[in-house]
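Below, all heavy atoms of this structure are taken into account, side chains as well, without hydrogens, waters or symmetry copies. Sequential numbering from 1 along the given sequence is applied to the chain's residues.
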Amino acid sequence: MARKIFVGARIFDGERFHDDKALVVADDRVEAIVGKNDLPGGETVTLDGGILSAGFIDAQVNGGGGRMLNDEPSAASMELIAGGHRPYGTTSLLPTLITDTSEASIAAIEAASEAVEVDRGVAGLHLEGPHLAPARKGAHLAELMRPVEDRDVKAFILAREAIGTLLVTIAAEQVTVAQVRELAEAGVTISIGHSDCSSEAAEERFDAGARGVTHLFNAMSQMGHRAPGLVGAAIDHPSVWCGIIADGHHVDPKALRTALRAKRGEGKLFFVTDAMSLVGSDKDSFTLNGRTVRRERGSFCSKLVLSDGTLAGSDIDMISAIRYGVTYLDLTLAEALRMATLYPARFLRLADRGHLSPGTRADLVHLTDALAVTATWLGGEAT
């Protein structure tokens, strides 16, 4: 058994910090967190202070490293995107296909099945569309949107069996309660998003098994005092998890702070990047469904917009989201780290990652005290 012993950094295990301890990795798994006087034999990896944590998990990544998944839904694209996000601490992600043709969805499902087997940071697939509401289309193409049909339910179930982890964003208007129940019972993770639904319609689908809400506040019915909408239903429902884009552009920090304080139950808010191809790239524009998206530099991070000013995904990476949470959302460092590790793992039911417990994957990230990434490991191997 090949062992590595990581010493010299504070260890965050997903729940709490450990000081003056060492992380023991055996082969590609966490073995234990031990005191400095109880070190086993093995290769010592000495870290210069800072924090050692489980690697970050991102449930919504449209692109990175100069590549959009929609442009080439292949396993090679998925691995390139994962590699583009790894310097920012993300060791597991779901490549995300936004609203496209049936052919593109089929190709993405086949690619994800292959990429998950390769196991270089691709943990599954996120299909964000085409079953969205045109009234809340955002940067998606409304002409491709349509209701869920029986053939789609069957295709999603087969895809989940092939890939392992499948997340599908669906508008409440485009899916029946019975379809949500069938998909959830088959292990498909359903997230309600790009929806103009009532709070009652959302709650019916949550009760049927929908687990989450996609980029809370964005592209959805807002909270009113007599019509709580999807936002109100998501915050109030105890079992619902909510992805948030914490970049200073998609949601005002006052709204996020309010949601963080108000969220009820086991479900929590967690970070997603909703990143486009420019993360990990020096380019200032790219093409999305034939439309030019440009990067506007400034503020906490750059903003990505279409020609009419519509936000088109984000230009943020996961470590920047953590810094934003600590700086602007009144989060403790421990809670900000949970929102990038433990919480997305629980939402996606990835029990073997997102925390450092015996038997979990040794996917790791080392941070400076200033929250800059210095190194990552996949299965205990430096990347």
Item to check | Residue pair Ile170 / Leu132, side-chain heavy-atom distance below 4.5 Å | outcome: no
Checklist entry - Ion pair present between Glu335 and Lys268, side-chain N to carboxylate O less than 4.0 angstrom? => result no
Checklist outcome for this item: Interatomic distance, CD@Gln174 vs CD1@Ile192, rounded to 0.5 Å, equals 11.0 Å
Checklist entry - Using 4.0 Å as the upper bound for N to carboxylate O, is an ion pair formed by Asp152 and Arg146? => result yes
Checklist entry - Is it the case that Thr273 and Asp58 place a side-chain donor and acceptor less than 3.5 Å from each other? => result yes
Next on the checklist: Please determine whether side chain to side chain donor-acceptor pair (under 3.5 Å) holds for the pair Ser191 and Thr214, giving the CA-CA distance in whole Å, both sets of side-chain angles, and the decisive distance to 0.1 Å.
Outcome noted: CA-CA 6 Å; Ser191 187; Thr214 297; 2.8 Å; yes
Next on the checklist: Walk me through whether Glu381 and Lys4 qualify under salt bridge (charged side-chain N to carboxylate O under 4.0 Å, His left out).
Outcome noted: CA-CA 10 Å; Glu381 296 297 323; Lys4 290 182 181 177; 3.7 Å; yes
Checklist entry - In terms of side-chain geometry, is the basic nitrogen of Arg3 or Asp27 positioned less than 4.0 Å from the acidic oxygen of its partner? => result no
Item to check | Ring centers of His194, His215 separated by less than 6.0 Å | outcome: yes
Item to check | Val25 and Phe6, any side-chain heavy atoms less than 4.5 Å apart | outcome: yes
Next on the checklist: Is any side-chain heavy atom of Leu47 closer than 4.5 Å to one of Val7?
Outcome noted: no
Checklist entry - When the ring centroid of Phe271 is compared with that of Tyr324, is the distance short of 6.0 Å? => result no
Next on the checklist: Within the structure provided, determine whether His355 and Glu15 are in side-chain contact (heavy-atom separation under 4.5 Å).
Outcome noted: no
Checklist entry - side chain to side chain donor-acceptor pair (under 3.5 Å) between Arg353 and Ser92: does it pass, once the steps are laid out? => result CA-CA 9 Å; Arg353 66 196 83 188; Ser92 293; 3.0 Å; yes
Item to check | Distance-only donor-acceptor check, side chains Asn70 and Asn62, under 3.5 Å | outcome: no
Next on the checklist: Contact between Pro40 and Ile5 at the side-chain level, heavy atoms closer than 4.5 Å - yes or no?
Outcome noted: yes
Checklist entry - Between Ser277 and Lys283, is any pair of side-chain heavy atoms under 4.5 Å apart? => result no
Item to check | Pairs involving residues 93-122, ordered by first then second residue, that meet salt bridge (charged side-chain N to carboxylate O under 4.0 Å, His left out) (sequence neighbours left out) | outcome: Asp119-Arg361
Next on the checklist: Tell me the closest heavy-atom pair linking Thr332 and Val326, and the distance in Å.
Outcome noted: O-CG2, 4.3 Å
Checklist entry - Could you go step by step and tell me if Arg349 and Thr189 meet the side chain to side chain donor-acceptor pair (under 3.5 Å) rule? => result CA-CA 9 Å; Arg349 291 173 288 210; Thr189 302; 2.9 Å; yes
Checklist entry - Roughly how far apart are Leu166 CG and Ile109 CD1, rounded to 0.5 Å? => result 6.5 Å
Checklist entry - Can Ser74 and Ser77 be said to form a side chain to side chain donor-acceptor pair (under 3.5 Å), step by step? => result CA-CA 5 Å; Ser74 66; Ser77 288; 3.2 Å; yes
Next on the checklist: Parallel, tilted or perpendicular, judged at 30° and 60°: which one describes the rings of Phe347 and Trp241?
Outcome noted: tilted
Next on the checklist: I'd like to know whether Tyr328 forms a ring pair (Phe, Tyr, Trp, His ring centres under 6.0 Å) with Phe300, so could you lay out the CA-CA distance, the side-chain angles of the two residues, the decisive distance to 0.1 Å, and finally the verdict.
Outcome noted: CA-CA 10 Å; Tyr328 295 103; Phe300 180 82; 5.8 Å; yes
Checklist entry - Minimum heavy-atom separation for Leu278 to Ser285, with atom names? => result CD2-O, 3.8 Å
Item to check | Thr90 and His85: side chain donor to acceptor below 3.5 Å | outcome: no
Item to check | Glu296 and Arg294 ion-paired at < 4.0 Å | outcome: yes
Next on the checklist: Between Thr360 and Arg29, is there a side-chain donor-acceptor contact under 3.5 Å, judged purely by atom types and distance?
Outcome noted: no
Item to check | Non-hydrogen side-chain atoms of Thr169 and His126 separated by less than 4.5 Å | outcome: yes
Next on the checklist: I want to check something: taking the side chain as every heavy atom from C-beta on, are Lys263 and Pro238 in contact at a cut-off of under 4.5 Å?
Outcome noted: no
Checklist outcome for this item: Tightest non-hydrogen contact, residues Val365 and Gly89, listed as CG2-CA, 3.8 Å
Next on the checklist: If we count only N and O atoms by modelled type, under 3.5 Å, do the side chains of Thr376 and Thr383 hold a donor and an acceptor together?
Outcome noted: yes
